[in-house]
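Taking it in order: structure first as structure tokens, then the write-up.
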Amino acid sequence: MMKIDKIIATTFSLLSFIVAVSFPVPATAEAESFDVDAASRNAVTRSDHEAVARYYDNAAVEMHAKAQEQKRLLEQYEDKSYLYGREAQDMLAHTYALARKYEKETQANTREAALHRQMAAQLEENTPLTPSGSLQKLSTISDLH
């Protein structure tokens with residue numbers, strides 16, 4: 001009787017786990033609704049560029065965290081390579097490549113955020129006023145440089 005109870009409890013736990021992991025975890029509402037490519041192409045105001053910069057800042061933070069995790073794994077694989085047998089070298093190479101990839105993505109996202117902050121600052125400083133007193137829209141991003 002005790003074996004049946006344990007089997008039922010284990011089965012129920014396993015099914016609960018499978019159901020829990022089968023549903024995707026929703027991203028934040030901001031990330032879901034933010035199309036960075038469209039926002040970057042259509043950014044004309046200071047707040048538009050600041051929003052794009054925030055997106056790239058958040059992406060840089062995420063990539064940095066991923067890079068740090070890969071570096072921790074790399075240290076573990078190097079320190080305890082004997083635990084992983086013949087696969088240790090493959091795991092080291094793969095983990096090193098991922099860490100480099102995430103570091104490069106962190107740098108690229110940081111550069112993009114800085115670029116959009118610079119564009120936002122230039123828009124604030126250099127936006128000419130029309131005779132009616134309203135802001136004149138710059139025709140292209142090249143007008144900012």
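FYI, side chains are in, hydrogens and waters are out, and symmetry mates aren't considered; it's all heavy atoms of this structure. Note that the structure is a prediction, hence the values are computed from the model and not measured.
In this structure a side-chain-to-backbone donor-acceptor pair under 3.5 Å is missing from Thr95 to Leu74.
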Next on the checklist: Go through it in stages, so that I can follow the logic: the residues are Glu62 and Glu105, the test is side-chain contact (heavy atoms from CB on, under 4.5 Å), and I'd like the CA-CA distance, side-chain angles, deciding distance and then a yes or no.
Outcome noted: CA-CA 10 Å; Glu62 287 179 30; Glu105 288 181 23; over 6 Å; no

Next on the checklist: The test is side-chain contact (heavy atoms from CB on, under 4.5 Å); show your working for Tyr84 and Gln76 and say whether it passes.
Outcome noted: CA-CA 10 Å; Tyr84 303 102; Gln76 178 181 346; 2.8 Å; yes

Next on the checklist: Between Arg100 and Tyr102, does the side-chain contact (heavy atoms from CB on, under 4.5 Å) criterion hold? Intermediate values first, please.
Outcome noted: CA-CA 5 Å; Arg100 281 187 45 123; Tyr102 292 144; over 6 Å; no

Item to check | From CA spacing to verdict: side-chain contact (heavy atoms from CB on, under 4.5 Å), His49, Val52 | outcome: CA-CA 5 Å; His49 285 289; Val52 173; 5.6 Å; no

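When the side chains of ILVMFWY residues are joined at heavy-atom separations under 4.5 Å, either directly or via intervening members, Leu92 and Leu73 end up in a single hydrophobic cluster. Hydrophobic cluster membership differs between Leu98 and Met91, with clusters built from Ile, Leu, Val, Met, Phe, Trp and Tyr side chains linked at under 4.5 angstrom.
Smallest separation of non-hydrogen atoms from Ala99 and Ala67: O-CB, 4.0 Å. Taking both residues in full, the closest heavy atoms of Val36 and Tyr55 are given as CG2-CD2, 3.3 Å, listed atom of the first, atom of the second, then distance. Across Ala88 and Ser81, no two heavy atoms sit closer than the pair CB-O, 3.6 Å. Heavy atoms only, all atoms of each residue included: Asn42 and Asp48 are closest at O-OD2, 4.0 Å.
In this structure, NZ on Lys101 lies 7.5 Å from NZ on Lys66, to the nearest 0.5 angstrom. Between the CD atom of Glu103 and the NE2 atom of His64 there is a distance of 8.5 Å, given to the nearest 0.5 Å. The structure places OG1 of Thr110 at 11.5 Å from CE of Met63, a figure rounded to the nearest 0.5 Å. Residue Arg54 holds its CZ atom at 14.0 Å from OH of Tyr56, rounded to the nearest 0.5 Å.
A 4.5 Å side-chain heavy-atom check between Tyr96 and His94 finds every atom pair outside the cut-off.
A salt bridge links Asp57 with Arg117: at least one charged nitrogen is closer than 4.0 Å to a carboxylate oxygen. Here Arg72 pairs with Glu69 in a salt bridge; the nearest charged N to carboxylate O distance falls below 4.0 Å.
Within a 6.0 Å radius of CD in Gln89, other residues, nucleotides and ligands contribute 12 heavy atoms or fewer. Atom CD of Glu78 has more than 12 heavy atoms from other residues, nucleotides or ligands within 6.0 Å.
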